[in-house]
Amino acid sequence: MKYISVIGAGTMGNGIAHVFAQNGYLVNLIDISSTSLEKGMATISKNLDRMIAKKKITNADKTNTLANITTYTTITEGVKNADLVIEAATENSALKLKIFKELDEVCQASTILATNTSSISITQIASVTERQNKVIGMHFMNPVPIMSLVEIIRGYNTSDTVTEQIMELSKKLGKTPTEVNDYPGFVANRILMPMINEAIETLYNGVAGVKEIDTVMKLGMAHPMGPLQLADFIGLDVCLSILNVMHDGFKNLKYAPCPLLVNMVMAKKLGVKSGEGFYDYSESRKAEKVAQRFLK
Ligand SMILES: NC(=O)c1ccc[n+]([C@@H]2O[C@H](COP(=O)([O-])OP(=O)(O)OC[C@H]3O[C@@H](n4cnc5c(N)ncnc54)[C@H](O)[C@@H]3O)[C@@H](O)[C@H]2O)c1
């Protein structure tokens, strides 16, 4: 595999493009929004600078990494030569089904189609294609250049060969792939999201404030970051949509999103990306400081 196309240049897409490009793959980064592409490339450049400052890479590595990435605003152009496409567009099942239908039509027959979805069924996504054996979940964690786990999700019809190829590829990126089956939330979010939701519920019920809840989990459970701050980093809209997928998929009230989370998403308080969530990130330096503390 040499040619990788990444769809979506947001929080996850730019991180995925960064990691592949740094490992010598030729990456086409695609987004419908040229502003997202510009912001995504600026984030990659900033993250590479941070790695130079920590002496993890050289200036030449930065130049080579950036040279390995080309940006596109249309899928057809951006996936022409792809050996692998990784979709990291907004977490919305109608959107993902539309994208995969298009990918199936415009990609070479041999192209493997992966999705970075946090919770949407891989089997459902694969069902709109004529290559269900070549559709797989490749769930990177945020921030992608730092976190070593990739949750590899086998859809109902994903072949053994494709699973092995994607496991091997993840190892070549220096990541640790872990294979799981395709049920709502997979493993990572099935366990993480109820904890985040319960933290929001605890706040909603007035048991404690934001800082107190996060302090209990950081200092008491040795979590590197409290659940409310983690929710801000993931994006509250992403958290809400994952909980909705699990609630719908299992028909179990324990996954029902807290009304406070629903309200905050409607009010566009989405966390770091919107400048405010459980914490205030309105001054860019504040967000930067929080990110740096976490990335140390
Ligand atoms: N944020 C996280 O911590 C996290 C972690 C793991 C997985 N994920 C998953 O990764 C995916 C992306 O999440 P994100 O947080 O990066 O979202 P984001 O909102 O930061 O970025 C999504 C990007 O997709 C683009 N987009 C929307 N429709 C498109 C289309 N038709 N074609 C091309 N680009 C399109 C948007 O312009 C935007 O730039 C989601 O499926 C999410 O569940 C997110």
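By convention here, the first residue in the shown sequence is residue 1. Read the numbers this way: they start at 1 and go in the same order the structure lists the ligands and their atoms. Side chains included, hydrogens not; waters and symmetry mates left out as well; all remaining heavy atoms used.
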Assess the side chains of [X] and [Y]: does a donor N or O sit below 3.5 Å from an acceptor N or O?
X	Y	value
D61	T58	yes
N189	S119	no
Q22	T65	no
S127	Q132	no
S45	K62	yes
D83	Y25	no

What is the closest protein heavy atom to [atom], and at what distance does it sit?
atom	value
atom 27 (C) of ligand 1	T90 OG1, 3.3 Å
atom 35 (C) of ligand 1	I32 CG1, 3.6 Å
atom 1 (N) of ligand 1	I234 O, 3.0 Å
atom 21 (O) of ligand 1	G10 CA, 3.4 Å
atom 5 (C) of ligand 1	M12 SD, 3.5 Å

Ligand 1 contact by K96, heavy-atom criterion under 4.0 angstrom
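In this structure, K96 qualifies as a contact of ligand 1 - some heavy atom is under 4.0 Å.
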Would you mind telling me if ligand 1 is within reach of the side chain of [X], the backbone, both or neither, using heavy atoms under 4.0 Å?
X	answer
F233	neither
I7	side chain
L95	side chain

Under 4.0 Å from a heavy atom of [X]: give me the atoms of ligand 1 that qualify, with their elements.
X	answer
K273	19 (O)
H139	6 (C), 7 (C)
N116	7 (C), 8 (N), 9 (C), 10 (O)
E91	40 (C), 41 (O), 42 (C), 43 (O)
F140	6 (C)
T117	41 (O)
N142	2 (C), 3 (O)

Could you report the tightest heavy-atom contact between [X] and [Y], atom names first, then the distance?
X	Y	answer
Q229	D214	N-OD2, 3.1 Å
P177	M167	CG-O, 3.5 Å
A114	L84	CB-CD1, 4.0 Å
L240	P257	CD1-CB, 3.5 Å

Pick from A89, S119, A88, S118: the one approaching atom 40 (C) of ligand 1 most closely through a non-hydrogen atom
A89
Single-linkage hydrophobic cluster, 4.5 Å side-chain cutoff, I112 and V27 together
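Yes, I112 and V27 fall within the same hydrophobic cluster.
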Below 3.5 Å, N or O to N or O, backbone or side chain included: is there any such pair between D31 and ligand 1?
yes
Polar atom proximity, I99 to ligand 1 (N or O, under 3.5 Å):
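It does not: no N or O of I99 is found under 3.5 Å from an N or O of ligand 1.
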Short check: is a protein heavy atom less than 4.0 Å from atom 17 (O) of ligand 1?
no
Decide side-chain contact (heavy atoms from CB on, under 4.5 Å) for K134 and S159; before the verdict, give the C-alpha distance in whole Å, the side-chain angles of both, and the deciding distance to 0.1 Å.
CA-CA 7 Å; K134 294 197 183 74; S159 72; 5.9 Å; no
